[in-house]
Every structure is written in C-alpha cells, then in structure tokens.
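This report concerns only the one structure given below.
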Amino acid sequence: MKKFTFLFLLAGSMTYAQRNLTIEEATTGMRTYAPKSMLATQWRKDVSAITYLDNTYQNLVTRNENNQWKETTLLTKDDVQNALRAKFPQDEFNLRMFPFAYEWKGANIMAFEVAGKKANYIVEFDATQKSITKALSIPSDASNQLATDAKNRIAWLNKNNIRITDANGKTIEVTNDTDSGIVNGSDYTHRQEFGIHQGMWWNKAGDKLAYYRKDETMVTNYPLIDFGARVAEVKDIKYPMAGMKSEEVTLVIFDANTNAKVTLKTGEPKEQYLTCVTWDPNGKFIYVGLLNREQNHLKLNQYDVVSGALVKTLFEEKASTYVEPQHDLTFLPNNPNQFLYQTENEGYNQLYLYNTDGKLIKKLGYKDVVVKDLLDFDAKGTKISYIGTANNGLDRQLYEVDLKSGKTTTLTTVSGTHAASLSSNGAYYFDQYSNTTTPNEAAIVNVKSKKATSLISAENPYAGKINMPKMELVTITSADGKTPLNGRLIYPANFDATKKYPVMVYVYGGSHAQLVNNRWLGGANLFDNYMAQQGYVVFTLDNRGSDSRGKDFCHVNHRKLGQNEMADQMKGVEFLKSKSFVNQDKIGVYGWSFGGFMTTSLLLNQSETFKVGVAGGPVTDWKYYEVMYGERYMDTPQENPEGYEKSSVINKANQLKGDLLVIHGAQDPVVVQQQSMEFIEACIKAGKQVDYFLYPTHEHNVSGKDRIHLNEKIARYFDLHLKNN
C-alpha cells in the first residue's frame, strides 16, 4: 500500500513540474530560460585564442590552441576595477560586471568603455600586465563618443554640438550652434535610415573628423505631450511627414590640428540623403553616397577633403522602385585603391569589388545568398568572411570568399542560425548555432581538417519545468502562385486533433524584419508560446515585403503597402482553414507598428475572416508617417494619391465588424499618436465601436515592467472576444 502511495505522489509531483508559463515569464523569461551559451565572444588578434564572459559576467575567460581549448580565466572584473582606481584615483568605480563591449586591438591589448562616478572613460588595457596603457575621459553626459587610435583623441557630443578631447584632457569646441534645430555629429540623421549608425568619422591618421551637420529648422515642429509634469508639457520633435519639407544635411571636414573646416560640395537639391560615408585610407579623399529624395538614384562620389570639391562620380545606381544603400565601403587592408561595396542591385545584397576609379573588378556574390553581416579579412587580406542566408532565408551560415578568384566556401554546414567568426590567422572558426531542435551548440572548428572541439551542447532549458507547446516551421505558396513563404505554427498545449481551437495570427509583414527563423523556438517569443498554452493555435507568416529574401521579394510592396502583404497573409489563412483543428469562426490577429498597420488592414479588408484584432502603434495612413521610410515605399502623397488612398485604413473604418483594440504610446516619436487618433475619430463618425488604450509614458513600444501589463491586456482581450465568446 505504501509503495503505491509513493508512486502516486511521485507521479503527481512530476505532473506539477510541467507547468505553463506565467504572464510574467512570458514577458521577461527569455533570459531566465535561455539555453546555455557563450557571450561576448572575441578572437584575440594574431593568436589562436578566443575570449568570452563566464556565466557570472564577472570574469573574462579564454580558450586557446596551445592548451587544447581548455577554459582558463584571463581577467576578472576586479583586475579592471583595480587598474581604473590606480589610474584615476580621483574617481570612484563600482563595476557590476566585466566590460561587455570590449574589443581586441592586438594580441594583448583590448579596448572598452567604462563609467566612473564623475566621468566616462575610453580605455586600452594590457591583459598581460593588467594595466591601463591609454585612457581618455569625457563627461558622464557625453554621447556618441568616437575615439581615434592614431592621435589618442575622442570626439563626443554635448547635446547638438561636437567636442574633441585629447589625452591631456584638453577639450576643443568643434561646433557652437545655439539653435536646437542645427544638429551636429548625430547618428540620428535621416532618422537612421540608409544604414546610418554614426554621425562622425575619424580619418586613419586621426587628425581630421568628418561629421553630419543637420539643419532641421525648416521642418515643422510636432508636439508630444509629457503627462509626467504637474501641468502637462509639450515636447516638440522634428517630424517631417511624407510629402512635406524635410531636413537639409551637409558633411563637414574638421582639421583637428588647425581647427579649419570645409563643407563638402554635395550640391543641390538640398533635400537629399548622404550615405555610405567612408574615408579613403590615405586620408586625402572621402566617399559619399548621394541619394535623391525620390530614393531611386544613387551616386557614389569622391570628394577632396581640403577643398571639399567633387573629384568624380565612381558609379551610379538607379531603380524603378527604390535604391536603399545600407553599408559603408570596406577598403582592402593591403590595397588602398580597392574596396568592397554591398548592393542588392542585381537581386540580392552581395559583395562587389571595385577600384577607386569606379571600375568593377569582380562580382563576389554567391548563389542567392544575402550578405547579412560582413566580418573580417584574413591575415593576408586576400579573403573575407561573412554571415549570409541559406534555406530560403531561414538559415544563417558562415561563408568565406577569395577576393582574387571569387570562389566562395561555405564553412558551416549544419542547417540552422549560426553566429560564427574566423580567427585572425584563418586556421579556426568559432561556431555557435541553434535550430528548431537544437537549443545551442558551440564549437571551435579547424578549417582544414574540419575537426570540431565541442565547447557547449546546451540542454533544453524548459525540459521538466515548462510544458512548452509543439512548434513546426511550414512552407506556404504566396499569392503570386510561385514564391515559397516561411511560416511558423505553434500548437495549443495538450493538443487534441479532434478539437477545434481559436487562432491568433501574429504579424509584422514589413521590410527589414523576419519573424520566422530556423533557430531555437523558431524565432517565436515566449508570449506566442504563452498564448498557445492558453489554448490558441498561434501562427506567423513572413509575407513578401519582409526581409532576407532578395530584392524582388522585398520590393513587391512599392507604392502599394499592405496589398500584396495582405494577399499573402490570406494564403496563410487558407492553410489554417485546411486544418481540421482550426475553428474557422475564431481567427484573430495581433501586431505592432507595421504589424499594427497589417492588423487593422486585415480586420477591415477581411472582416469575414478576422473577428478580433489588437493593433499596437499602428500606421493608419502613410501620409502621417515620416519622409525617409514612407516615401521609399510609397513615394509622396502628391505622386501616388491612389496608393495612399488604398492603403489607408482611416477611410475604411465603416468596414469594421469585429472587435478591435488599438494601443499606443503617448510619447511615440516613430508612429505618432495622431495616426491612431485619426482612425478612432473615423470610427466614431462611422458609428463603429472600437477599444483604445494609451500608455502615457511610453514611446513606440511598451518596455520594462509595463510590458507585463501590455501582454496581460492582449491575452485578456483575445480570451474575452475570441476564445470565450
């Protein structure tokens, strides 16, 4: 009797261990349930050794070829902290972890940034001597800091103005504009479209600084209401809407030795986009991509940095849709007259080798691979590696291309999403990957022998703890009848094929985003899995117009945002309806930003199919969206009135039949609240009931603890109006 009682209790305890996610875990649990991995991995220069942070984040550990890749501690947080206190006794340092964003400059020298109580510091640290070899200090409120190795200088921003500080602590003022509408050196130029991630560039010698000067004084002020003040205050931002006056940007060269400035003669019209800013290795020239406001004509120009004069146009790109430069030039380390250029002009974003006369030397593209992340040259400078797509965009693999022969070698082979990099001598590569059945694998691989030294083989972090639902990747043919689309289907927990379940379609659908991947959990977030645990079929489809599938796949949305995207999503619905376990009368949709636009569009245009929708931060009419993104895909409202009319959901409010919850952040500077307010007003006039919720202190999305509130609201809305209705 006792034996049977014990077995019963044991079985009960095992059943209890397999539980569902809480709403808190579904929101913040990706780190709690992250598979074991190696973080902040970096190859040391000129040696076969790799470093990374240990699980406590307190120590930098290393593995190297000489000790058969065994793990040893190289440095501790205290080593860095003690060196900082010795170098800067006037300041206080209390590091929470070893500097995460370190970079190896040589075999023993690393660089990183740390914050003291009184100032911030850019540091070069000798890992052998455990001492600081170089350091620069800047104010704690400095931003956009950019150091140069050659002269031990750092450029940084004081609000809208540039300062340069040298090793002796001397600071010079590069700009002194008092009008907040003049913005110098900011990476927030052209709203960070066109691959822009910085606003200042040092030349190799470290004596000249190129920077953006953005004049947005002529751009209309747009009010954001700050409800945190005792009396609500207006915070104005510059927000150029499609078809309206945009900012005017120039590039200035500052000579740090003479304090002289010269503005590049980029010419008219003033409303153009300056991209791909790259110094020539010899410092005499600078290269700039000039893109017209229409975004269909790019010129790659060379300028003289002394006079600012145009030297020549190397080549031009034109398109009937749009040209979208995303990357600076990459000069060859052993040939200052040749560079790599990335473009999707011939179908896929790939590499092209040019010389500085503008002559195309070699096409380095490989099959239909889209280059996603350009990595490093080998030690000889004759090869370069990159992460690129495979498997219809689902996978990421490591490739290496020989610049002379053009031959490309695929180094990683297992299907999945690889984060990989070659050692500086090219003898080994570090490979960390996952796929839908593999939580995480990490290894050091010998390039020649293919012998792999396993470092991590992670276990499923949910096993025995969380009752994770079944997930599978599916392929669906798009509305054009020929293009395969990637989808992800998550089954309800404790799935019973004889039952019928409600559906939540999670959608984004816009450019530069891919929701379905061949990686752990298939790219799904935990909230998707939470909803499946609550009894929903959760489905996601990357329609045409989304990322990583090439130019034709992405450009299908030009001048008609939402149309082909919706057609593809309806093919996904056809797939769902073919499943006997899907309740065809209970299909809902949820998305944010472009996904909010898609959610509202589907609910209005396909009202017989979608019964419930939750639209977060939705674009409701593209004429209220900003110039750089909006005009790329839609042209201006003046040029494309029919396209704007057809894509607007405001004028379709009278078609609303289902239950719709619109959510917006009151401080949203990306999709301004006017978008949703205009739609709500249209619903009122059309006599349509719609639910609306505002997060007073949040911007374009809801983050932090408040996101738990957001996810609970979404789940409750689906339960109330779909599952329990």
Side-chain angles (χ1 to χ4, degrees), residues 118-120 122 136-148 153-166 169-193 196-202 207-226 228-229 231-241 244-274 277 286 288 305 308 626-628 667 669-670 672 699:
K118 298 179 180 178
N120 290 346
I122 310 298
L136 290 164
S137 66
I138 54 176
S140 299
D141 59 352
S143 64
N144 294 63
Q145 46 267 30
L146 181 70
T148 174
R153 291 172 171 142
I154 183 168
W156 51 278
L157 297 189
N158 176 15
K159 297 182 179 178
N160 290 352
N161 286 299
I162 301 172
R163 306 287 182 257
I164 294 177
T165 300
D166 64 19
K170 180 183 177 182
T171 298
I172 59 174
E173 298 179 343
V174 179
T175 64
N176 274 302
D177 288 297
T178 57
D179 190 327
S180 61
I182 305 295
V183 183
N184 298 287
S186 173
D187 60 340
Y188 200 68
T189 299
H190 304 320
R191 295 184 70 85
Q192 294 182 316
E193 298 289 336
I196 292 172
H197 59 277
Q198 63 188 92
M200 299 182 287
W201 301 262
W202 283 109
D207 58 4
K208 288 185 175 64
L209 181 75
Y211 64 89
Y212 281 132
R213 183 183 187 275
K214 177 174 65 170
D215 183 352
E216 53 183 6
T217 56
M218 69 292 291
V219 177
T220 303
N221 285 336
Y222 193 93
L224 297 180
I225 307 301
D226 178 9
V231 176
E233 297 176 346
V234 175
K235 175 187 174 184
D236 286 331
I237 62 171
K238 297 292 186 178
Y239 194 90
M241 289 186 180
M244 299 177 69
K245 185 71 180 77
S246 186
E247 64 193 29
E248 297 176 4
V249 176
T250 52
L251 273 163
V252 181
I253 309 296
F254 175 77
D255 190 318
N257 294 327
T258 66
N259 291 352
K261 297 178 186 176
V262 61
T263 299
L264 298 187
K265 299 174 182 176
T266 50
E268 301 285 345
K270 292 182 178 180
E271 289 187 23
Q272 59 183 343
Y273 304 117
L274 307 182
V277 179
I286 196 165
V288 183
V305 299
E626 52 89 359
V627 165
M628 294 81 183
Q667 309 301 314
V670 179
V672 293
E699 295 190 352

Pair Val670-Glu699, side chain to side chain contact (heavy atoms under 4.5 Å, CB included): steps then yes or no: CA-CA 8 Å; Val670 179; Glu699 295 190 352; over 6 Å; no

Between Tyr212 and Trp201, does the ring-ring contact (aromatic ring centres under 6.0 Å, His included) criterion hold? Intermediate values first, please. CA-CA 9 Å; Tyr212 281 132; Trp201 301 262; 5.0 Å; yes

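Summarising the geometry, atom CG belonging to Leu274 is positioned 5.0 Å from atom CG belonging to Leu251; distances are rounded to the nearest 0.5 Å. In this structure, CG on Leu264 lies 8.5 Å from OG1 on Thr250, to the nearest 0.5 angstrom. To the nearest 0.5 Å, atoms OG1 (Thr148) and CZ (Arg153) are separated by 8.0 Å. Here CG of Leu136 is found 8.0 Å from CG of Asp166. Values are rounded to the nearest 0.5 Å. Note that the CD1 atom of Ile154 and the OG1 atom of Thr165 stand 7.0 Å from one another [nearest 0.5 Å]. Residue Ile164 holds its CD1 atom at 9.5 Å from CG of Leu146, rounded to the nearest 0.5 Å.
When all heavy atoms are compared, the tightest approach of Glu173 to Asn176 is OE1-ND2, 3.0 Å. The two residues Pro139 and Asn120 make their nearest non-hydrogen contact at O-ND2, 4.0 Å. What you find for Gln272 and Thr266 is that their closest heavy atoms are NE2-O, 3.2 Å. Between Ala142 and Ile138, the closest heavy-atom pair is CB-CD1, 3.9 Å. Between Ile122 and Ala147, the shortest heavy-atom contact is CG2-CB, 4.2 Å. Smallest separation of non-hydrogen atoms from Val234 and Pro223: CG1-CB, 3.6 Å.
The pair Lys214-Glu216 meets the salt-bridge criterion, with a side-chain N (NZ, NE, NH1 or NH2) lying under 4.0 Å from an Asp/Glu carboxylate O.
Annotation: side chain of Ile162 is in contact with side chain of Leu157 (closest heavy-atom distance under 4.5 Å). Side-chain contact check for Asn144 versus Asp187: some heavy-atom pair is nearer than 4.5 Å. Contact annotation: the side chain of Met244 never approaches that of Tyr239 to less than 4.5 Å [non-hydrogen atoms, C-beta and beyond]. Considering only heavy atoms from C-beta on, Met628 comes within 4.5 Å of Ser246 through its side chain. Inter-residue side-chain proximity for Asp177 and Asn161 is flagged as met; some heavy-atom pair is nearer than 4.5 Å. A heavy-atom distance below 4.5 Å is found between the side chains of Tyr211 and Lys261.
Looking only at distances, a side-chain donor or acceptor of Asn184 sits under 3.5 Å from a matching main-chain atom of Asn160. Ser186 contributes no side-chain N or O that, together with a main-chain N or O of Gly199, makes up a donor-acceptor pair within less than 3.5 Å.
In this structure Lys245 satisfies the side chain to side chain donor-acceptor pair (under 3.5 Å) test together with Glu248, Glu271, sequence neighbours excluded. With sequence neighbours excluded, the residues forming a ring-ring contact (aromatic ring centres under 6.0 Å, His included) with Tyr273 are His190, Phe194, listed by chain and number. Glu247 pairs by the salt bridge (charged side-chain N to carboxylate O under 4.0 Å, His left out) definition with nothing, not counting sequence neighbours.
A side chain to side chain contact (heavy atoms under 4.5 Å, CB included) with Phe254 holds for exactly one of Ile172, Asp207, Val262; it is Ile172.
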